[in-house]
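Written out below as structure tokens is the structure these notes cover.
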Number of protein chains: 2
Amino acid sequence: MKHEDREIDGRMAHFEEVCRTEGVKLTHQRMEVFREVAVRGDHPDAESIYEGVRQRVPTMSLDTVYRTLWLLSDLGLITTLGPSRERTRFDANLQPHHHFVCVRCGLTRDFHSDAFGDLKLPKSIESMGRVERTHVEARGICTECAKKKTEIGTIATKKKKK
Amino acid sequence: MKHEDREIDGRMAHFEEVCRTEGVKLTHQRMEVFREVAVRGDHPDAESIYEGVRQRVPTMSLDTVYRTLWLLSDLGLITTLGPSRERTRFDANLQPHHHFVCVRCGLTRDFHSDAFGDLKLPKSIESMGRVERTHVEARGICTECAKKKTEIGTIATKKKKK
DNA sequence: TTAGGTGCAAATTCTTTGCACCCTG
DNA sequence: CAGGGTGCAAAGAATTTGCACCTAA
């Protein structure tokens, strides 16, 4: 697994660099939380990350894990699966369709595309399972948010500027 | 908006039919909750659906909205955006990549595809906003869950069979 | 040294559940 | 009329926050 280790090392190095340039302290806890997310390929939730880190840092608390995860997210070092910091949302459109998602405000709108009907999936996917349908998520900034321009930077940046 | 109205009517009809065949009672509340989700194109959360329905059915309670939404989801009449009934999950992979998601257990694994690098988006998306990146979600049943076969039907079916 | 970071515990927020009455089939 | 469905209130889960002590820079 030489390749994977190198990948992790690269992520750790990037993490440390971003923390330094953003003026965020490199604590033991933060390194372990980031490492846990970086090493695991299963996209764990906060609780699961907490359990993993606790084996190495028994004093770690769950609230620090949460604080750290959102910090990392604000720094652009990690992302969330699905809507971030939002409640579950529902969709009554059963037709095959795709979503445009605004990464700033969460606006989500359907769009259709015949071209996306039969995307050719790589063979690597066969070992994971049988795919029943594919769905494309186009992420960007919606028209409304774009109007507001650079009104606000990232939360992390705001904090730093104090 | 002739076309849209027809689409909604079709969804309502399908909803009523499924309820009948599944032996689920067609209550005023359920119809209004389903209609609210069907009519709105913004994929609302439970609270928002609650507010919308309450204007027509002032006695509606939030817990009924939740119960109804999960029932509709079990019946396959609606779906959720992102992970269903799950906590937020994190991803440290910053490289452009895609996900295979098991709709049964939630297992999520990365996969890569050069072909998906530059999907041609329909022009209809331009009015929504500026797309920065696209991400493909391949949904299906993972190898592990497939082994377990038809061990369990849908929750709705289970309920019905009592 | 010192401002930011952490752990603890309490507070919030979101969602689910028990129960008695109500309404669809 | 019977059994599922609903509203209410209270419980539970997940996540956030206030505060005093701790530690990286």
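Chain identifiers are assigned alphabetically (A, B, ...) following the order of the sequence lines, protein sequences preceding nucleic acid strands; residue numbering begins at 1 within each chain.
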- Nearest-Å distance for atom pair CG/C1', residues B:Asp74 and D:dG4: 16 Å
- Within a strict 4.5 Å, meaning less than it, do heavy atoms of the A:Val57 and A:His28 side chains meet? yes
- Give the B/S/- string for nucleotides 8-18 of chain D, one per nucleotide from 5' to 3', where a protein heavy atom under 4.0 Å of the base yields B, of only the sugar-phosphate yields S, and otherwise -. BB----SBBBB
- Message: Check this for me: B:Arg56, atom CZ, are more than 12 non-hydrogen atoms of other residues, nucleotides or ligands nearer than 6.0 Å?
- Response: yes
- Query: Would you say D:dG7 has OP1 or OP2 under 4.0 Å from some side-chain N or O of B:Gln29?
  - Reply: yes
- Message: What is the distance, to the nearest angstrom, from the CZ atom on A:Arg54 to the P atom on C:dT6?
- Response: 16 Å
- Donor-acceptor pair, A:Ser73 side chain versus A:Leu69 backbone, under 3.5 Å? no
- Message: Whether the side chain of B:Arg89 engages the backbone of A:Asp42 through a donor-acceptor N/O pair (distance < 3.5 Å, no angle test) should be reported.
- Response: yes
- Message: How many whole angstroms separate atom CD of A:Glu32 from atom P of C:dG7?
- Response: 12 Å
- Item | Atom-to-atom span, OH of B:Tyr50 to P of C:dT13 - whole angstrom | 16 Å
- Can you tell me if CZ on A:Arg40 sees more than 12 non-hydrogen neighbours from other groups inside 6.0 Å? yes
- Query: Sub-3.5 Å donor-acceptor pair from the side chain of A:Arg139 to the main-chain atoms of A:Phe100, do we have one?
  - Reply: no
Restricting both atoms to N or O, compile the protein contacts to nucleotides 23-25 of chain D shorter than 3.5 Å, with distance only.
from   : atom 1 : to      : atom 2 : distance (Å)
D:dA25 : OP1    : A:Leu26 : N      : 3.3

- Query: Do other residues, nucleotides or ligands put more than 12 heavy atoms under 6.0 Å from A:Gln55 CD?
  - Reply: no
- Query: Which residue, A:His98, A:His97, A:His99, forms the ring pair (Phe, Tyr, Trp, His ring centres under 6.0 Å) with A:Phe111?
  - Reply: A:His98
